[in-house]
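Within every chain, numbering begins at 1; the chains are lettered A, B, ... in the order of the sequence lines, protein sequences first and strands thereafter.
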Number of protein chains: 2
Amino acid sequence: MSRPPRARESVLDAFARILSDDGERAATMDATAREAGVSKGGLLYHFGSKEALEAGLMERMEALAIDDIEEIKRAPEGPVAAFMRTSIHTGSVLDQAIVAVSRLAQNGSAPAVEALRRVRVLWEEALRPLAKDETALQLILLVSDGLYFNNALTVGSVPGPQLDADDIAALIRLVEASTTPDAAAR
Amino acid sequence: MSRPPRARESVLDAFARILSDDGERAATMDATAREAGVSKGGLLYHFGSKEALEAGLMERMEALAIDDIEEIKRAPEGPVAAFMRTSIHTGSVLDQAIVAVSRLAQNGSAPAVEALRRVRVLWEEALRPLAKDETALQLILLVSDGLYFNNALTVGSVPGPQLDADDIAALIRLVEASTTPDAAAR
DNA sequence: GTCTATATACAGATAGAC
DNA sequence: GTCTATCTGTATATAGAC
């Protein structure tokens with residue numbers, strides 16, 4: 001838990017940004033080094049291979065997800081609403097990390113698929129006590145996945161389908177009404 | 001509308017299969033030619049560039065989607081249930097084409113993003129008359145997107161989270177109850 | 001229409017100077 | 001710790017034979 005070197009963090013920032021904004025093909029070690037302001041040799045001092053760089057990103061994503069789940073549990077609007085609200089593109093570091101890792105997963109990285117699945121299980125466990133049954137729980141998670149999928153399609157300068165704040169609020173009310181046992185009693 | 005050459009179709013089959021099963025990085029022109037049983041030169045006779053190959057795949061996806069929507073409209077179980085059921089991984093050619101194009105979209109292909117958006121609009125238009133309001137319509141589409149996202153994460157031999165037939169049936173009932181005006185009257 | 005051979009560019013990774 | 005220079009493999013694309 002010692003503070004990590006600044007250059008190492010800059011490299012991870014750059015790698016996540018390029019993966020999420022421009023896609024996996026663009027996220028070369030060369031482009032990552034340039035964006036981070038270091039040379040390719042400098043990058044390779046901190047991450048000895050592309051695989052190691054990807055592993056570093058996944059580790060960061062899981063740490064951010066664990067923090068996020070603790071925040072969501074204490075959210076005044078309730079965990080379900082907070083979870084859904086943070087599933088739209090907020091531009092948060094966690095958001096970016098999840099989209100970045102999902103790009104790796106979709107290009108054949110088994111460790112990335114496993115890391116995403118672990119995070120999904122953490123969310124399931126946090127939200128299960130609030131859902132009226134397993135089907136309701138899956139509905140909440142699938143809507144969140146759908147929001148992420150739409151975020152993830154937005155590459156380069158072409159925006160995907162967008163929902164505004166009112167749309168999201170209405171969607172959260174509908175999902176809560178369908179999935180939580182005491183929705184009518186609120 | 002003349003019948004397309006067999007070799008051309010084989011190439012598109014192979015390209016879609018590799019994109020969907022192994023990811024964008026694996027879907028090289030070399031691997032596609034090998035899988036289709038033609039040489040690289042042979043492939044390049046039908047598709048003069050990678051861009052042309054991608055465009056060919058998108059055209060096929062949109063044609064399949066248009067057919068699929070007509071089928072869904074006439075489904076005995078109702079369009080919403082039929083739409084959701086075909087959103088899980090059925091291994092259909094349309095399924096494979098959509099996952100394949102979404103891999104291109106997530107690697108920076110603007111035409112792929114636009115093609116997927118056009119298909120999404122077709123689904124919206126087909127399902128809108130059945131949803132009680134716009135929020136309900138978006139819920140249906142987002143759950144479908146979520147199912148696709150989970151399919152899409154399944155690369156190589158690592159399976160993503162899976163729902164069995166009973167889970168899907170329960171999910172369809174819950175979504176229909178939340179989104180269609182006459183659900184109680186059934 | 002389909003093939004082989006080849007040109008050009010760029011990826012990941014190594015060696016070794018500073 | 002960070003750099004430059006370089007090796008090796010592989011991607012897209014072209015040229016031209018059959």
Quick one: which residue pairs count as a ring-ring contact (aromatic ring centres under 6.0 Å, His included) with a foot in residues 84-105 of chain A, not counting sequence neighbours?
-> none

Could you tell me which residues satisfy side-chain hydrogen bond (donor to acceptor under 3.5 Å, both in side chains) with A:Glu62, sequence neighbours excluded, listed by chain and number?
-> A:Arg118

So what is the end-to-end bend of the helix from C:dG1-D:dC18 to C:dC18-D:dG1, with 5 pairs used at each end and the value given to 10 degrees?
-> 0°

Can you list every ring-ring contact (aromatic ring centres under 6.0 Å, His included) pair that touches residues 16-54 of chain A, not counting sequence neighbours?
-> none

Heavy atoms of chain B, cut-off under 4.0 Å: which first and last nucleotide of DNA chain D, 5' to 3', fall inside that, if you could look?
-> D:dA11 to D:dT14

Taken in chain and number order and not counting sequence neighbours, the residues that satisfy salt bridge (charged side-chain N to carboxylate O under 4.0 Å, His left out) with B:Glu51 are none

By nearest nucleotide on DNA chain C, pick out whichever of B:Ala7 and A:Arg25 is the more 5' one.
-> B:Ala7

B:Ser92: what forms a side-chain hydrogen bond (donor to acceptor under 3.5 Å, both in side chains) with it, not counting sequence neighbours?
-> B:Thr90

Ring pair (Phe, Tyr, Trp, His ring centres under 6.0 Å) involving B:Phe83 - partner list, sequence neighbours excluded | B:Trp123

Residues forming a side-chain hydrogen bond (donor to acceptor under 3.5 Å, both in side chains) with B:Arg34, sequence neighbours excluded = none

Under 3.5 Å, is there a donor-acceptor pair linking the side chains of B:Asn150 and A:Asp145?
-> yes

Listing, residues 97-107 of chain B side-chain donor-acceptor contacts under 3.5 Å, not counting sequence neighbours, or none:
from, atom 1, to, atom 2, distance (Å)
B:Ser102, OG, B:Val99, O, 3.0
B:Arg103, NE, B:Leu19, O, 2.9
B:Arg103, NH1, A:Gln106, OE1, 2.8
B:Arg103, NH1, B:Ala152, O, 2.8
B:Arg103, NH2, B:Ser20, O, 2.9
B:Arg103, NH2, B:Ala152, O, 3.2
B:Gln106, OE1, A:Arg103, NH1, 2.9
B:Gln106, OE1, A:Gln106, NE2, 3.4
B:Gln106, NE2, A:Gln106, OE1, 3.4
B:Asn107, OD1, A:Glu24, N, 3.3
B:Asn107, OD1, A:Arg25, N, 3.1
B:Asn107, ND2, B:Arg103, O, 3.1

Residue-level proximity of residues 39-52 of chain B to DNA chain D when a heavy atom falls under 4.0 Å = B:Lys40, B:Leu44, B:Ser49, B:Lys50

Rounded to whole Å, the CD-C1' distance (B:Glu24 to C:dA11) equals 14 Å

Taking only residues two or more places apart in sequence, or in another chain, which ones meet B:Asp167 in a side-chain hydrogen bond (donor to acceptor under 3.5 Å, both in side chains)?
-> none

